[in-house]
Amino acid sequence: MNKSPVDLASAYRLLNPGPVVIVSVAAGERDNLFTVTWNMPAAKDPPAVVLLSGRGHFSLPFIERTGEFAINVPDVSLADAVYGCGTTSGRAVTDKFGRFGLTRQPAMKIGAPLVAEAVANLECRVEVIHDVLGSALIVARVVAAQACNEHVIDGQWSFDHGLQLLHHLSGRRFCSSGAEHVVR
Ligand SMILES: Cc1cc2nc3c(=O)[nH]c(=O)nc-3n(C[C@H](O)[C@H](O)[C@H](O)COP(=O)(O)O)c2cc1C
């Protein structure tokens with residue numbers, strides 16, 4: 001196998017990211033959405049996740065103030081909305097749901113609305129926020145979760161019915177995952 005050096009600034013791209021997600025936040029009457037590809041599970045028990053958010057994002061103070069947010073997992077049909085939520089700021093766009101054709105769905109345990117079109121939604125409460133190299137590393141417990149019956153069976157993704165999750169490569173480039181490989 002021939003290999004060439006990779007610029008270190010791009011090395012993180014070599015780690016397969018989880019699916020890119022849309023994070024929803026709210027405080028009072030105002031809500032907002034932003035796209036996050038730097039997300040990962042952090043613990044099974046208690047169930048916890050980690051996100052990295054830029055310090056300048058309009059959404060971050062909502063998370064800091066309310067201690068809540070939802071992770072909405074899109075499939076490929078939402079690629080335009082994913083890109084849109086990640087390239088506009090709530091400072092300029094007051095209703096990203098309306099702008100990108102997404103529907104609010106009340107959450108079970110938190111104030112922020114869920115994205116109804118997402119194939120899964122995880123409701124989260126912040127445990128701690130650390131400053132890491134200028135970004136906010138948000139550790140949060142998952143307090144409720146729901147997923148599309150067709151695509152999640154026994155709590156696991158199933159690709160039997162055409163599900164394609166979306167992964168961010170760079171800029172406008174995404175790829176999808178849609179096939180299962182079972183090791184015998
Ligand atoms: C595909 C994609 C992935 C992104 N991933 C992240 C991420 O992991 N963390 C982050 O802080 N911002 C990420 N962003 C940038 C924010 O989503 C973007 O700055 C957004 O406009 C912030 O919105 P807000 O100012 O309304 O909060 C991503 C953007 C795109 C398009």
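In this text the structure is predicted, and so the values were computed from the model without any measurement. Each ligand, and each atom within it, is numbered from 1 in the order the structure gives.
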Q) How far is atom 5 (N) of ligand 1 from its nearest protein heavy atom, and which residue and atom name does that atom have? A) Thr37 N, 3.0 Å
Q. Quick one: salt bridge (charged side-chain N to carboxylate O under 4.0 Å, His left out) partners of Asp131, sequence neighbours excluded?
A. Arg55
Pair up each side-chain donor or acceptor in residues 151-158 with any protein partner under 3.5 Å, not counting sequence neighbours, and list the distances.
unit_1: Ser158; atom_1: OG; unit_2: Asp160; atom_2: N; d: 3.3

Q: Find all atoms of ligand 1 within a distance of less than 4.0 Å from any non-hydrogen atom belonging to Gly90, and give their numbers and elements.
A: 24 (P), 25 (O), 26 (O)
Q. Of the backbone atoms (N, CA, C, O) and the side-chain heavy atoms from C-beta on, which set of Cys85 has a member under 4.0 Å from an atom of ligand 1: side chain, backbone, both, or neither?
A. backbone
Q. Which of the atoms in ligand 1, numbered in the order shown and given with their element, are less than 4.0 Å from a heavy-atom of Phe58?
A. 24 (P), 25 (O), 26 (O), 27 (O)
**Q.** Any N or O of Gly54 closer than 3.5 Å to N or O of ligand 1
**A.** yes
Q.
Looking at Arg99, I want to see if its CZ is surrounded by more than 12 non-hydrogen atoms of other residues, nucleotides or ligands under 6.0 Å.
A. no
Q. Backbone, side chain, both or neither: what part of Val93 comes under 4.0 angstrom of ligand 1, heavy atoms only?
A. neither
Q.
Is the ring pair Phe174/His168 parallel, tilted or perpendicular, if the boundaries are 30 and 60 degrees?
A. tilted
**Q.** Salt bridge flag under 4.0 Å for residues Arg104 and Asp95
**A.** yes
Q: Pick, from Val36, Leu60, Leu166, Leu52, the option with the minimum heavy-atom distance to atom 9 (N) of ligand 1.
A: Leu52
**Q.** Lys109/Glu123 salt bridge by N-O under 4.0 Å criterion
**A.** no
**Q.** Contacting atoms of ligand 1, where contact means under 4.0 angstrom from a heavy atom of Phe174
**A.** 1 (C)
Q: Identify the protein heavy atom lying closest to atom 2 (C) of ligand 1, giving its residue, its atom name and the separation to 0.1 Å.
A: Thr35 CG2, 3.5 Å
Q: Start with the C-alpha gap between Val82 and Phe100, add the side-chain angles, then the distance that decides, and say whether side chain to side chain contact (heavy atoms under 4.5 Å, CB included) holds.
A: CA-CA 9 Å; Val82 166; Phe100 300 112; over 6 Å; no
**Q.** Exercise: do Ser89 and His57 side chains pair donor with acceptor under 3.5 Å
**A.** no
Q: Nearest heavy atom to atom 29 (C) of ligand 1 wins, so pick from Ser170, Ala92, Gly86, Ser53.
A: Gly86
Q | atom 8 (O) of ligand 1: the protein heavy-atom neighbour that sits closest, reported with distance to 0.1 Å | A | Trp38 N, 2.8 Å
Q: For atom 27 (O) of ligand 1, find the nearest protein heavy atom and state the residue, atom name and distance (0.1 Å precision).
A: Ser59 OG, 2.6 Å
Q) Between the side chains of Gln146 and Asn121, does any donor sit under 3.5 Å from an acceptor? A) yes
Q. What residue and atom, counting heavy atoms only, is the protein's closest point to atom 21 (O) of ligand 1, and at what distance?
A. Thr88 O, 2.7 Å
**Q.** Nearest-neighbour protein heavy atom for atom 12 (N) of ligand 1, which is reported as residue plus atom name and distance
**A.** His57 NE2, 3.0 Å
(Q) One residue to check: Leu51. Relative to ligand 1, which of side chain, backbone, both or neither has a non-hydrogen atom less than 4.0 Å away? (A) neither
**Q.** Minimum side-chain heavy-atom gap Leu137-Val50 below 4.5 Å
**A.** yes
Q. Counting each atom of ligand 1 from 1 as listed, which ones have a heavy atom of Lys96 under 4.0 Å away?
A. 23 (O), 24 (P), 26 (O)
